[in-house]
Enquirer: 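Here's a structure for you.
Excluded from the calculations below are hydrogen atoms, water molecules and symmetry mates; all remaining heavy atoms, backbone and side chain alike, are included. Every chain is numbered from 1, with letters handed out A, B, ... down the list of sequences.
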2 protein chains.
Amino acid sequence: MPAPPVGRTPSNGGPVPDVNDAMCPSRAILEHITSRWGVLVLAALLDRSYRFSELRRQVGGVSEKMLAQTLQTLERDGFVDRDAKPVIPPRVDYALTPLGREAAEQVWSLARWSERQVDTVREARAAYDEARA
Amino acid sequence: MPAPPVGRTPSNGGPVPDVNDAMCPSRAILEHITSRWGVLVLAALLDRSYRFSELRRQVGGVSEKMLAQTLQTLERDGFVDRDAKPVIPPRVDYALTPLGREAAEQVWSLARWSERQVDTVREARAAYDEARA
DNA sequence: CAGTATCCTTCGTGATACTG
DNA sequence: CAGTATCACGAAGGATACTG
């Protein structure tokens, strides 16, 4: 299937609703699950559910802001289930929904494929860089 | 984990040395093939090979700069084969390598899955937004 | 035709501080 | 503990003009 044609390219000037979001909703979904932290969060939750801080430790290097943002996006899309327990101190557990598990498995499979190609790709890059040095 | 400092930042695109190359090489690969234009380029080339301008028309809304940059990145990683014919006017054909075809098939499969979930996700979002309005 | 070079705007990300 | 608010900065991305 050919790529979806995009009508206009926003001439620089006005706040334009994301062209691809409007034109191609699936692009937004794909972006959410393949985003830098999205991949790692989904992968972590593939094992078991996590609390916020647990997840933050499990996914190394993510800021609170980005983790919260990533989780909200995934929750809104219906990939992650948020279970906030009304206790003090607050306790919130995050888990995959069935749909989220489907997504996680696929994206994780792609991630593992990428990992397997690391050496091949490194060689390709070396050859490419060599050819124009 | 602070982002490691990077040497040069070319004003123009081109295969930019990826910050994540050092810390997580597979992440860079994943990023290249799931990038906004990377997905679309790989998908288009799944059908057949294309010339630069053909590809630009096929993938609607991509600027020359981004298409060139995307193609260079994919070529450098060994996913795309660039065949520049020494004629005037210049003619360059782009095609998938076998490795690129593997990548394209997987990412396109994920993209099609995303497309199938569009309605489900839209409902999930509506429910989410409803719940906090 | 197939790109490069330059300039500029927008966006993502992180640091920090604060709240329930 | 689990977030939200604000700010600052570099990187991503686009428009345009130019070149072989």
Enquirer: When you get a sec, tell me which of D/dG3, D/dG20, D/dA2 is the closest nucleotide to the side chain of B/P90?
Expert: D/dG20
Enquirer: CG of A/L55 versus P of D/dC1: gap in Å, rounded?
Expert: 15 Å
Enquirer: For the side chain of B/M66, starting at C-beta, report the closest nucleotide among D/dG14, D/dA2, C/dG14.
Expert: D/dG14
Enquirer: Counting only distance, no hydrogens or angles, is the base of D/dG13 paired donor-acceptor with the side chain of B/K65 under 3.5 Å?
Expert: yes
Enquirer: Send over the distance from A/E64 CD to D/dC1 P, rounded to a whole Å.
Expert: 10 Å
Enquirer: Show me, pair by pair, the donor-acceptor contacts under 3.5 angstrom made by side chains of residues 40-69 of chain A, not counting sequence neighbours?
Expert:
from: A/E54; atom 1: OE1; to: A/R51; atom 2: N; distance (Å): 2.8
from: A/R56; atom 1: NH1; to: A/V62; atom 2: O; distance (Å): 2.3
from: A/S63; atom 1: OG; to: A/M66; atom 2: N; distance (Å): 3.1

Enquirer: Between atom CZ in A/R57 and atom P in D/dA2, what is the gap in whole Å?
Expert: 9 Å
Enquirer: One thing to verify: whether A/R76 and B/D129 come together as a salt bridge, which I'm taking to mean a side-chain N less than 4.0 angstrom from a carboxylate O.
Expert: yes
Enquirer: Measure the distance from CZ on B/R36 to C1' on C/dG12 and round it to the nearest whole Å.
Expert: 14 Å
Enquirer: Calculate the interatomic distance between B/L67 atom CG and D/dA15 atom C1'; express it in whole Å.
Expert: 16 Å
Enquirer: Given atom CD of B/Q69 and atom P of C/dA5, what is their separation to the nearest angstrom?
Expert: 13 Å
Enquirer: Return the minimal non-hydrogen interatomic distance between B/K85 and B/D93, and the atom names on each side.
Expert: NZ-OD2, 3.1 Å
Enquirer: With respect to the side chain of A/W37, which nucleotide from D/dG3, C/dG14, C/dA2 is positioned closest?
Expert: C/dG14
Enquirer: Could you tell me whether the phosphate oxygens of C/dA2, OP1 or OP2, come under 4.0 Å of any side-chain nitrogen or oxygen in B/S53?
Expert: yes
Enquirer: Ignoring backbone atoms, establish whether B/Y94 has a side-chain N or O less than 4.0 Å from OP1 or OP2 of C/dG3.
Expert: yes
Enquirer: What verdict does the side-chain contact (heavy atoms from CB on, under 4.5 Å) test give for B/R112 and B/W108, after you've listed the backbone C-alpha separation in whole Å, the side-chain angles of each residue and the deciding distance to 0.1 Å?
Expert: CA-CA 6 Å; B/R112 278 187 286 102; B/W108 189 233; 3.6 Å; yes
Enquirer: Would a distance-only check, ignoring hydrogens and angles, find a side-chain to backbone donor-acceptor pair under 3.5 Å from B/T97 to B/G78?
Expert: yes
Enquirer: Below 4.0 angstrom, which residues in residues 81-89 of chain B have at least one non-hydrogen atom near DNA chain C?
Expert: B/R82, B/P89
Enquirer: I need the B/I29 CD1 to B/F79 CZ distance, nearest 0.5 Å.
Expert: 5.5 Å
Enquirer: Mind running side-chain contact (heavy atoms from CB on, under 4.5 Å) on A/L110 and B/I33 for me, showing each step along the way?
Expert: CA-CA 10 Å; A/L110 189 57; B/I33 64 185; 4.2 Å; yes
Enquirer: Testing B/V107, B/T34, B/V39 one by one against A/T34 for a side-chain contact (heavy atoms from CB on, under 4.5 Å), which residue passes?
Expert: B/T34
Enquirer: How close do A/R116 and A/S109 get, counting heavy atoms only, and between which atoms?
Expert: NH2-O, 4.5 Å
Enquirer: In whole angstrom, what separates A/E31's CD from C/dT13's P?
Expert: 10 Å
Enquirer: Counting only side-chain nitrogens and oxygens, does B/R51 get under 4.0 Å of the OP1 or OP2 atom of C/dA2?
Expert: yes
Enquirer: How would DNA chain C look in dot-bracket form, 5' to 3', counting Watson-Crick and G-U wobble pairs with both distances under 3.5 Å and writing | for bases paired to another strand?
Expert: ||||||||||||||||||||
Enquirer: Ignoring the backbone of B/Q72, work out which of C/dG14, C/dT4, C/dC1 is nearest its side chain.
Expert: C/dT4
